[in-house]
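Let me begin by presenting the structure, written as structure tokens, before commenting on it.
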Amino acid sequence: MKKMLAVALGLTLMLSAVGCSAPKENTNASGKTQISIGVWPREKDAERYAQYQDLKARFEEANPDVEIIPDNWSFSLETFLAKAASGNLPTLYEVYFTEGQRVINAGYCADLTEAVKKYGYETKIKDSIKNLITKDGKYYMVPQSSYNMGLYINKPLFTQAGLVNEDGSVKVPQTYEELAEFAGIIKEKTGQAGICICTANNTGGWNFLNVAWAYGTEFMKQDESGKWKATFDSPECAAALQWIKDLKWKYNAIPETSFATGTEQQKYFGAEQAGMFIGTPPQDELISIYNMKADDICIASLPAGPAGRFSQIGGTLSVVKEGSTPEQIDAVFKWIEFVSNSYTMSEDAKQTMENSYQIRANKGLPIGFYQYSPWADSAEKATFEKSIVDKYANIPAANVKEFNNPPEDLKLKPEEPVNCQELYAALDACIQEVITNKDADPAVLLKQAAADFQRDYLDSAE
Amino acid sequence: MLKKHRFGKLKNDFSAYILMFPAIFLIFLLIWRPVYQGFILSFFKLQGYEPAEFVGLQNYKDIISETLFKTTVFNTFKYVGLSLLVGFIPPIFIAVMLNEVRWCKGFIKFAIYFPAISPVIVTSLLWTFIYDPSAGGLLNMILLKMGLPAQQWLNDANHAILYIIISMTWSGFGSATILYLSSIKGIGTDMYEAAYIDGAGLWARVWHITIPQIWRIVLLMLVNNIIGVFQVFAQPLAMTGGGPNNATVSLSLLAYRYAFVYLKNEKALAIGMITFVMLVVLTVFYFFLEKRVTYED
């Protein structure tokens with residue numbers, strides 16, 4: 001027994017000894033505060049790399065007590081926890097809106113409340129974003145960039161299907177019913193899918209939120225005790241799922257595959273094999289990979305359903321690595337301001353933003369649509385960015401008129417508050433079932449999915 | 001006296017232990033340590049990778065009571081069962097045939113082994129194109145040319161695992177064939193010559209000589225095959241993402257989802273440990289068979 005104990009103790013000690021953690025960098029030999037900045041462009045991306053190297057030089061000149069350390073890592077679920085646990089996250093990194101709360105819960109981000117107040121962000125961040133970046137009243141992230149989802153329209157296919165106005169502009173579906181009819185017409189007239197909807201790898205559920213909200217679905221509710229209750233076992237959500245079922249079985253208007261993600265959407269749309277998709281601007285790949293002409297891309301606001309018109313917002317958030325010193329946090333905020341990721345626009349920030357759009361324009365990447373701003377509408381950044389977009393636009397204004405001037409009834413909404421990925425997985429399964437099984441009953445599927453989602457996830461949600 | 005003998009033996013084998021040390025150290029570092037730590041951490045609620053609260057068997061209870069877990073276990077056994085039905089016999093059959101072939105043997109061997117040298121993700125994507133349910137999919141193009149209706153292939157929840165197994169068999173049977181072939185080559189030619197003189201035909205030679213001589217390796221490959229397919233992951237991830245409607249989710253894929261999609265590592269570890277225990281049982285059986293085969297040989 002003693003021997004066994006000794007072996008177990010020895011083994012544990014050895015295992016602990018083998019465990020390792022990376023040394024933390026705070027200051028360099030000359031006492032400068034060091035901050036590593038994630039998503040730094042790689043050298044092969046020559047133009048952007050040069051731009052960032054120039055930013056670094058100018059920033060360090062303006063802030064002689066700070067040293068910037070470039071870091072190429074960008075957020076991915078596959079690498080995040082390993083990076084975080086080994087202490088190798090950059091001081092400043094970015095995460096997607098969808099992951100914000102999970103990163104906060106995982107505890108790998110610094111409390112930014114003081115800096116947020118000091119730099120005046122608290123009153124400038126839109127309320128709709130605040131829920132994503134705070135926990136127990138503390139700020140752990142600040143918004144960096146954002147978007148709202150829109151309806152991508154393939155102009156050549158719409159033209160072939162005769163879905164154009166007298167002035168040559170495309171007819172934009174104003175309701176989901178009309179969208180389904182348009183999709184059917186495209187299939188009938190061109191032989192191509194009317195719309196490519198996401199159906200797999202949780203993107204199906206993610207896309208579906210827009211439709212379901214428009215049909216009046218409420219996915220979950222929090223009661224007074226703080227417990228969450230799944231509420232999408234409802235006639236409204238069933239009607240939204242029926243809409244997808246109709247796209248397949250009534251209009252025969254979606255591609256055959258039941259495993260479509262954003263990549264497939266781009267592929268079908270870029271190859272003129274799908275007339276529409278619900279997507280997030282800017283969709284650079286349509287041009288950089290599928291060689292579409294900017295003239296052929298139209299973007300409109302999402303259609304309305306019986307309960308209104310909704311568009312999901314998303315984007316990226318700036319996060320500071322947990323354990324960073326107050327000096328590092330301050331240096332990070334200075335960098336954020338310098339590179340135009342804040343609400344204010346210094347001359348340096350304006351120059352950075354214009355350079356970024358210049359580089360996009362040189363590459364022929366799509367410009368012309370206004371991005372949703374996470375900052376209060378009065379913020380200087382939104383106004384300045386619109387002027388830069390107009391200056392470098394390569395998509396004709398008529399193609400994005402509907403998106404840039406959304407109908408007044410458009411409501412922008414962030415994704416659901418808890419267990420989003422799990423919800424998307426449950427919805428993916430329902431969507432896949434209704435497009436592969438003609439006899440599937442949306443109401444029955446949702447009843448089961450909601451019950452499973454409640455028991456498996458919401459009952460233990462915090 | 002015994003101690004002295006043992007020490008002498010250790011002294012004699014010292015250089016062998018030194019040579020083995022790097023490999024053992026790496027196995028310890030990369031396999032034993034993660035398994036041990038995973039086992040310990042599966043009893044905790046984790047914050048990232050850090051244990052936040054000891055919860056005992058709660059993670060295991062949560063996983064086992066989860067709706068998808070039962071489906072996933074069923075799917076995993078379905079993968080194993082279908083792989084035995086579809087993928088186990090062809091390599092034996094082809095190895096026997098290859099042994100009888102006289103012409104172009106080298107080319108045929110290369111052609112059979114070729115799929116095995118392609119990375120699994122490549123073969124999975126290749127088969128995704130083959131199974132494309134549109135009229136442009138390779139199999140559907142052939143069916144349509146023959147006047148037959150196009151099929152849904154991977155969209156068909158009832159048969160999606162079968163189609164994945166067919167793709168896995170295609171990419172994996174080359175290695176198994178070569179193994180069987182080398183085993184067949186080890187059979188003495190005198191037995192075949194004697195059988196030939198006695199008037200035995202091809203079938204009689206195969207049935208009475210080849211099969212009995214290679215059955216031990218067949219048995220080992222059977223267990224090996226079960227263990228391998230039990231851990232199926234990359235193929236459903238690349239070909240169906242676990243769909244349609246979770247019809248192809250395997251235990252490994254579910255663990256992946258928990259770890260890298262839901263960031264719930266404690267649950268991923270619990271699934272990993274459950275799978276590990278199942279595989280340990282099979283591995284013990286494998287070692288038992290291997291020992292017996294080695295002893296009998």
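In what follows, every heavy atom counts, from backbone to side chain, and hydrogens, waters and symmetry copies are set aside. Each chain gets a letter, A, B and so on, in the order the sequences are listed, and its residues count up from 1.
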Flag if over 12 foreign heavy atoms under 6.0 Å of [atom1], [X]:
X: B/Lys70; atom1: NZ; answer: yes
X: B/Lys264; atom1: NZ; answer: no
X: B/Phe276; atom1: CZ; answer: no
X: B/Phe54; atom1: CZ; answer: yes

To check you understand the geometry: which heavy-atom pair defines the closest contact between [X] and [Y], and what is its length?
X: B/Tyr49; Y: A/Ala85; result: CD1-CB, 3.0 Å
X: A/Ala429; Y: B/Asn245; result: CB-OD1, 3.1 Å
X: A/Asn202; Y: B/Tyr262; result: ND2-CE2, 4.2 Å

Segment of [X] engaging chain A (4.5 angstrom heavy-atom cut-off):
X: B/Ser65; value: backbone
X: B/Asp156; value: neither
X: B/Gln47; value: both

(request) Return the option, out of B/Asn155, B/Leu237, B/Leu154, B/Leu46, with the maximum number of heavy-atom pairs under 4.5 Å with chain A. (result)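 Between B/Asn155, B/Leu237, B/Leu154, B/Leu46, the count favours B/Asn155.
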(message) Please identify, among B/Asp132, B/Asn246, B/Val261, B/Ile40, the residue contributing the most non-hydrogen atom pairs under 4.5 Å to chain A.
(response)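 Most heavy-atom pairs under 4.5 Å with chain A: B/Val261.
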(message) Counting only non-hydrogen atoms closer than 4.5 Å, can you tell me which residues of residues 431-451 of chain A sit against chain B?
(response) A/Gln432, A/Glu433, A/Thr436
(request) Measure A/Asp428 against the heavy atoms of chain B and call it side chain, backbone, both or neither at under 4.5 Å. (result)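 Nothing of A/Asp428, per the 4.5 Å heavy-atom cut-off to chain B.
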(message) Can you tell me how far apart CG (B/Leu263) and OH (A/Tyr108) are? Round to the nearest 0.5 Å.
(response) 10.0 Å
(request) To the nearest 0.5 Å, tell me how far A/Asp456 CG sits from B/Phe69 CZ. (result) 12.0 Å
(request) Mind ranking A/Arg102, A/Arg455, A/Gln421 by heavy-atom pairs under 4.5 Å with chain B and telling me who comes out on top? (result)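 Winner by heavy-atom pair count: A/Arg102.
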(message) For a quick check under 3.5 Å, do B/Tyr256 and A/Glu78 share a side-chain donor-acceptor pair by atom type?
(response)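 The answer is yes; a qualifying pair exists.
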